[in-house]
Amino acid sequence: KREVRKRPTLITDISSVEGNVCILDELKNIFEVAITSAYPNLIDPPIVITLSGNNPKFGDYQCNSAMAISQLLKANNIKTNPREVANNILNKTPTSPLIERIEVAGAGFLNIYLNKEFAEHVLNCILRFGVKPPPLKRERIIVDFSSPNIAKEMHVGHLRSTIIGDSICRVLEFLNQDVLRINHLGDWGTQFGMLIAHLQDKFPNFKTHSPPISDLQAFYKESKKRFDEDEEFKKRAYACVVNLQSGHADYITAWKLICEVSRQEFQKIYDRLDIKIIDRGESFYHSRMNTVVKELKDGGYLEDDEGRLIMWGDPVKHDGIPLTIVKSDGGYTYDTSDMATIKQRVEEERGDRFIYVTDAGQYTHFVIIEACARRAGILKSGQKVEHVGFGVVLGEDKKKFKTRSGDTIKLIDLLDEGLKRALDKLIEKGRDKVLTPEELKQAQEAVAYGCIKYADLSHNRVNDYVFSFDKMLDDKGNTAVYLLYALTRIRSIARTAQISIDQLLVEVQKSGFKLSHDSEWKLAKVLLRFPEVILKVSNDLYMHSLCEYLYEISSTFTEFYDKCYCVEKDKEGKIVKIIYERLMLCEVTARIMEKSLDILGIKTVSRM
Ligand code: ARG
């Protein structure tokens, strides 16, 4: 069936444009109008707009629709060729203040050249009003991330989930989305039975005196050992689970105590990395699991499979793996808990988009959860489930990340090592002699946590990645250190010129802001892409594109700064000339870099 699409409203007047305009979206609108009027009979014609790449010969953006349309027409027995189609589209393209000119080139490409005056206006807006988010329909978005398990190690996989999840929340929050950050703690497994049984033996007065189980790991190991070796203990552990799950007060007290010890450990990591998240573990869904199981049973979705109750995502094909909703002993599973969770997020939280950030290994789990939730009518058609998967962290030897002695690495130790290495690096550069102790400490933390976050976020998250302090602390290449230095250098240009933002605004307004040098124009065009980069990552949730963009800004800026001086000094070092347009480009560059780093969860410093 043909859907009648609303004709997009186009920008006709520069003065109506703000600093947050998304050029790519506007170009798509322009070409949608052009193509649908050139070929009114084509259903859903492809509107393909891309960046033209590095060669200025091909324009700034290009429309590649002509090739595909020509194929479609040929399939309908209409004789044509891509160049002819491109020319037809060109003839129907409405004029736009964004576009200087369009050329048909090569096999039928439409090369689009941006209008300088428009760019000057947009940069002016950013200077006057700051970096504003492009408009996006507001949605309620639940982001499930970090989510370590109580009493077990919070490992590097959880660190990845924490860093990626936080950055996803940040970009969505910047875009004014209604974001709920949820820490889906594993706080309700059968492991609590053995933990509680062990606690009862070791610290019988735990109800009145908080036992010193600071090393919950060790405590966990001891209880696991007893569980595996001692039949009596095992029986008691099972009885403890039953008591806990039926809400027996003493057991709840013991359980809360254990959870609290873990939580305090997790919180140390969150505080260091500046992560805000709401704890809502699996236990929160305990009674909701009963409800969802009953509903699934009543709805006829569950099948008996040798005593356990299972549910298929696809009732027809019956291939793949089913969910285990009730085990043969009557207990619930990770699947049951995620069915209750998604139902709660749909019905109580009223979410539109449900994002889960876990290791790639859980991909299938979430595919089946989604399929079952759709099948049971819990999820409605407009609602989206997205699994944000990521690869494993490897050591420099490309093997599983471990300490030299082969133990798993404690996250706190890892962060401490980051701090130490960051300080070494700063001292190596002699920064300790220039900065105040306070500035040095800020720089150290910004570098340490920034480099760990950036190393993670700058790689395509689906791939495994090699954790290497040497690489992430390198000040050349696409690293946080390089970007933080670049930013402070840009900031220092305005400092040498001794010009305030207000003065800059007055001066630029006086002369009218004009981009003259080629390198200025090139930098301007990169800066103008901020809205489209932000919209892209908020949609596909691949944060590395934002990192690549940051790196591109920084290298384009370097190119600009090599060719275009901003402040001219005489032999005595006295300022003889300031080029305000260029200072303004510095300011806009710094602001966009700061905003991008902020979205990546990286703190910036004014000096380092
Ligand atoms: N606790 C799980 C783990 O450590 C992650 C939980 C992810 N969220 C969820 N709703 N299943 O792997």
Side-chain angles (χ1 to χ4, degrees), residues 141-166 168-169 179-192 195 216-217 220 255 258-259 262-263 265-267 269-270 275 277-286 288-289 292 311 313 321 323-325 332-349 351 353-374 378-379 383-393 400-401 408-411 461-462 464 541:
I141 309 177
I142 322 289
V143 187
D144 176 321
F145 71 106
S146 192
S147 308
N149 302 314
I150 300 285
K152 290 191 197 157
E153 180 105 52
M154 180 170 180
H155 53 71
V156 280
H158 295 121
L159 181 66
R160 289 208 79 180
S161 173
T162 307
I163 291 170
I164 296 169
D166 177 56
I168 286 175
C169 292
V179 178
L180 185 64
R181 298 161 163 255
I182 293 289
N183 199 3
H184 192 82
L185 296 160
D187 64 356
W188 206 238
T190 40
Q191 79 267 27
F192 286 98
L195 284 165
L216 206 52
Q217 283 321 302
Y220 182 87
W255 167 73
I258 294 166
C259 290
S262 261
R263 269 213 200 95
E265 286 304 303
F266 301 154
Q267 195 55 45
I269 309 274
Y270 298 142
I275 307 288
I277 192 163
I278 296 168
D279 285 339
R280 191 185 283 171
E282 291 179 55
S283 63
F284 174 87
Y285 304 93
H286 177 58
R288 290 171 178 85
M289 286 195 247
V292 80
M311 176 171 180
I321 320 162
L323 294 181
T324 300
I325 300 293
Y332 296 154
T333 69
Y334 192 51
D335 297 346
T336 329
S337 121
D338 266 323
M339 285 303 281
T341 302
I342 201 161
K343 183 172 152 67
Q344 193 273 344
R345 290 178 187 174
V346 170
E347 293 172 6
E348 296 174 51
E349 296 300 344
R353 212 173 151 183
F354 309 93
I355 296 173
Y356 297 86
V357 187
T358 79
D359 57 277
Q362 298 193 38
Y363 173 76
T364 320
H365 168 73
F366 288 107
V367 167
I368 307 172
I369 290 288
E370 176 181 359
C372 287
R374 291 216 185 275
I378 294 170
L379 273 171
Q383 296 164 327
K384 261 194 292 179
V385 173
E386 289 154 282
H387 179 249
V388 171
F390 51 81
V392 293
V393 182
K400 223 178 148 199
F401 198 42
T408 46
I409 292 169
K410 281 216 165 74
L411 289 191
R461 58 175 163 76
V462 299
D464 294 349
L541 310 176

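Quick note: numbers below take in every heavy atom, side chains included, and nothing from hydrogens, waters or symmetry partners. Residue numbers start at 1 and run along the sequence shown. We count ligands from 1, going down the list as the structure has it; atoms in each ligand are counted the same way.
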- Query: Does Glu347 have any side-chain contact (heavy atoms from CB on, under 4.5 Å) partners at least two apart in sequence or in another chain, and if so, which?
  - Reply: Lys343
- Message: My understanding is that only one of Tyr356, Phe366, Phe354, Phe145 makes a ring pair (Phe, Tyr, Trp, His ring centres under 6.0 Å) with His387; could you say which?
- Response: Phe366
- Any side-chain heavy atom of Val462 within less than 4.5 Å of one from Phe390? no
- Message: Other residues, nucleotides and ligands only: do more than 12 of their heavy atoms fall within 6.0 Å of OH on Tyr334?
- Response: yes
- Message: Just to verify, what does Phe284 make a side-chain contact (heavy atoms from CB on, under 4.5 Å) with, not counting sequence neighbours?
- Response: Arg280, Arg288, Gln344
- Task: Would you check ligand 1 and list the protein residues that come within less than 4.0 Å of it by any heavy atom, ordered by chain and number?
- Result: Asp144, Ser147, Asn149, His158, His184, Tyr334, Asp338, Tyr356, Thr358, Gln362, Phe366
- Query: With Ser283, which residues qualify under side-chain contact (heavy atoms from CB on, under 4.5 Å), at least two apart?
  - Reply: Asp187, Trp188, Trp255
